[in-house]
Amino acid sequence: MRRGGRIKKLAAILTCAGMVFATVSCGADGSAQNDSAETVQTAEAETAETTEEGNVAEEQEAAPETGSEQETGQDAQQDPQVWEWDAADEETLRCAFAKGFGGRAGVCVPMAALSDAARMEIVKGQFNSVTMENEMKPDSLLGDKPNIGEDGFPVLAFTVPDMMMKEIKAYNDSVEKEGRKLMVRGHVLVWHSQTPEWFFHEEYNVDKPYVDQQTMLARMESYIRQVMEHYEGADSPYQGMIYAWDVVNEAVNDTDGGMRTDSSWFRVFNSSDFVEQAFVYANRYAPAHIKLFYNDYNDTNPKKADGICRLLEQIKANPEARIDGMGMQGHYDMDFSDVLFKQAAQKYAAVVDEIQITELDLKASRGFDGENTEEEYRKQAEVYKSLYDAVKSLKQEGVPITAIVFWGTDDRHSWLQSANAAGGSADGTRVQCPLLFDKDYEKKPAFWAFVDDSKLEAAE
């Protein structure tokens, strides 16, 4: 959910990134957010695409056989409860989460982090799930200006995310244990923010009217098909690396749980139909092992949670759609209520098969000025512990939370350090310390709230 800067100095970053991932080791420290980087839009020749509907249908029918051949490997990758651990995994989030609630430990990683060895030590040493901060969002793949193919649809440019995927794959190829590999959480296919406005207009021209609904659905389908074929096609070197996709992000408003209307998607459709259809297309082109999620913030608000559940039920009622889970973004603050969290999670679990906390961070106490960090860190650890206790309690009740993903590695690089208008953001007026590692990449008490809460007193 974060609106970051774009991707600069890619050549230098990529060179450094190769060296960072080549150094394989466990545990240390890292960072997250404002380093995003200016997305380079390179007009590449796309792999030859079949335009006949018959050929697309044939590929669809062949997909299940490919999936079944990989079933055993995918099962091993996706079930933390069967992974093996050793001494090197002690005091890591990935091991603690696998044992604590049977889920993955995830982190948001921008392109710029790849050139920071200390940050990547945290990523490689602690996590087994990576969400790209901005690099897989529509504005990265579509670019500032449309590049229209012969079929009349935008040709997507995967240059930037593929740089990251290449380095992640190289790292994974050097790691034997499944629990240490960095699987990718795709974020995001359909979102009103960070989608170029020209995508919604006639002739891809913002000075012209919005397109009609059928034209917009065709554009949506083309977009989702290109993404899935690029990463899951038979010739893709990245096949099987992505274990989940946020199909639609933040379509529900914060007031009454109705649809968000300040969205070009909504302006075209004037209804929630586009959300439903996004899951139809995602189901059509995504292999079965990829879990499909709806993702939103302010996720514990009872009215909004009820509205989200109505939307989830609408999607599930469509036999052509598939939705596997709800992404609770988890942009919380020090007033976090474990009671409201559990109530919301129970509501979502009554509709979908699993829940993931997808963008977790914790805004600082009101009045915190960055001085008394010891006290603030202690309070932060208590709040995080209450969240984690709730997750484990829900697990005992049969509510399947399958991942906790932190929105960044360290406090210095958190998006909350600057003002942002996106949901769950900070206003830029206060110092923030929202993550498990401080600005110097050292573990904070909050880390032990998840890994070993018996150390909390010592950490204070």
Side-chain angles (χ1 to χ4, degrees), residues 1-4 39 46 108 129-143 153-158 160-162 164-165 183-200 216-233 236 238-239 241-252 259-260 263-266 268-269 272-297 308 311-312 314-315 318 320-327 329 352 356 358-359 405 422-423:
M1 123 124 242
R2 149 126 229 271
R3 187 188 273 114
T39 308
E46 289 287 319
C108 163
S129 172
V130 166
T131 303
M132 296 184 193
E133 186 174 39
N134 291 291
E135 292 77 6
M136 279 186 165
K137 290 176 180 174
D139 61 352
S140 174
L141 303 186
L142 288 167
F153 296 114
V155 177
L156 306 189
F158 295 94
V160 174
D162 281 4
M164 297 184 71
M165 292 291 282
M183 301 299 287
V184 177
R185 211 177 171 283
H187 179 74
V188 52
L189 295 174
V190 174
W191 188 27
H192 67 280
S193 182
Q194 288 185 250
T195 299
E197 182 60 23
W198 56 256
F199 189 55
F200 302 96
M216 199 66 240
L217 287 177
R219 291 181 183 182
M220 177 198 287
E221 180 174 11
S222 173
Y223 183 93
I224 292 175
R225 175 181 55 79
Q226 287 186 65
V227 172
M228 294 302 174
E229 288 180 351
H230 182 79
Y231 287 114
E232 300 300 330
S236 174
Y238 312 117
Q239 190 179 48
M241 286 178 62
I242 298 174
Y243 74 97
W245 267 103
D246 289 328
V247 178
V248 178
N249 196 41
E250 301 173 6
V252 176
M259 290 296 294
R260 175 193 287 271
S263 154
S264 289
W265 282 108
F266 186 85
V268 171
F269 288 89
S272 58
D273 290 352
F274 75 92
V275 178
E276 182 180 330
Q277 283 301 124
F279 283 91
V280 169
Y281 299 141
N283 182 41
R284 184 173 298 172
Y285 298 107
H289 74 266
I290 292 183
K291 301 298 181 69
L292 305 179
F293 280 76
Y294 174 76
N295 194 54
D296 217 325
Y297 70 99
I308 290 172
L311 185 60
L312 302 181
Q314 175 187 339
I315 298 164
N318 188 327
E320 295 184 74
R322 171 165 66 92
I323 180 168
D324 300 296
M326 168 63 192
Q329 288 186 7
V352 294
Q356 294 183 353
T358 58
E359 304 180 18
V405 179

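Quick caveat, the model's predicted, so the values are computed rather than measured. What you see below is based on every heavy atom in this structure, not just the backbone, and it leaves out hydrogens, waters and symmetry mates. Throughout, numbering of the chain's residues begins at 1 and tracks the sequence.
- Looking at S264 and F199, their side chains never come closer than 4.5 Å, going by heavy atoms from C-beta outward.
- When side chains are defined from C-beta on, M136 does not count as touching V188, because their heavy atoms never get closer than 4.5 Å.
- Donor-acceptor pairing under 3.5 Å is recorded for the side chains of Y294 and D296.
- To the nearest 0.5 Å, atom CE of residue M132 and atom CD1 of residue I242 are 7.0 Å apart.
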(message) Checking Q329 against N249 for the side-chain hydrogen bond (donor to acceptor under 3.5 Å, both in side chains) test, could you report, in this order, the C-alpha distance in whole Å, the side-chain angles of both residues, the deciding distance, and whether it holds?
(response) CA-CA 10 Å; Q329 288 186 7; N249 196 41; 3.1 Å; yes

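- Between F274 and W265, the ring planes lie parallel to each other; the angle is under 30°, not in the 30° to 60° tilted range.
- In this structure, the side chains of E320 and Q277 stay at 4.5 Å or more apart for every pair of heavy atoms.
- The side chain to side chain contact (heavy atoms under 4.5 Å, CB included) test with E221 is passed by exactly one of R284, M216, Q226: R284.
- Using a 3.5 Å distance cut-off with no hydrogens or angles, the side chains of Q239 and E232 do not pair a donor with an acceptor.
- Judged by distance alone, the side chains of E250 and S193 never bring a donor and an acceptor atom under 3.5 Å apart.
- Counting only N and O atoms by type, the side chains of Q194 and N134 include a donor and acceptor under 3.5 Å apart.
- Between R322 and I290 the shortest heavy-atom distance is NH1-O, 2.9 Å.
- Put simply, CG on D246 and CZ on F293 are 7.5 Å apart, with the number rounded to the nearest 0.5 Å.
- Counting heavy atoms from C-beta on, the side chains of M183 and V130 never come closer than 4.5 Å.
- Geometric assessment of R225 against the ring of F153 yields a negative cation-pi assignment under the 6.0 Å and 45° thresholds.
- The line from CE of M326 to CG of L311 is 9.5 Å long, rounded to the nearest 0.5 Å.
- Of the inter-residue distances, the one linking N318 atom CG with E276 atom CD reads 4.5 Å to the nearest 0.5 angstrom.
- Under the 30°/60° scheme for interplanar angles, the aromatic rings of F158 and Y231 are found to stand perpendicular.
- In this structure, P161 and L141 have side chains that are in contact, with non-hydrogen atoms separated by less than 4.5 Å.
- In this model, a donor atom of one side chain and an acceptor atom of the other lie less than 3.5 Å apart for H230 and D162.
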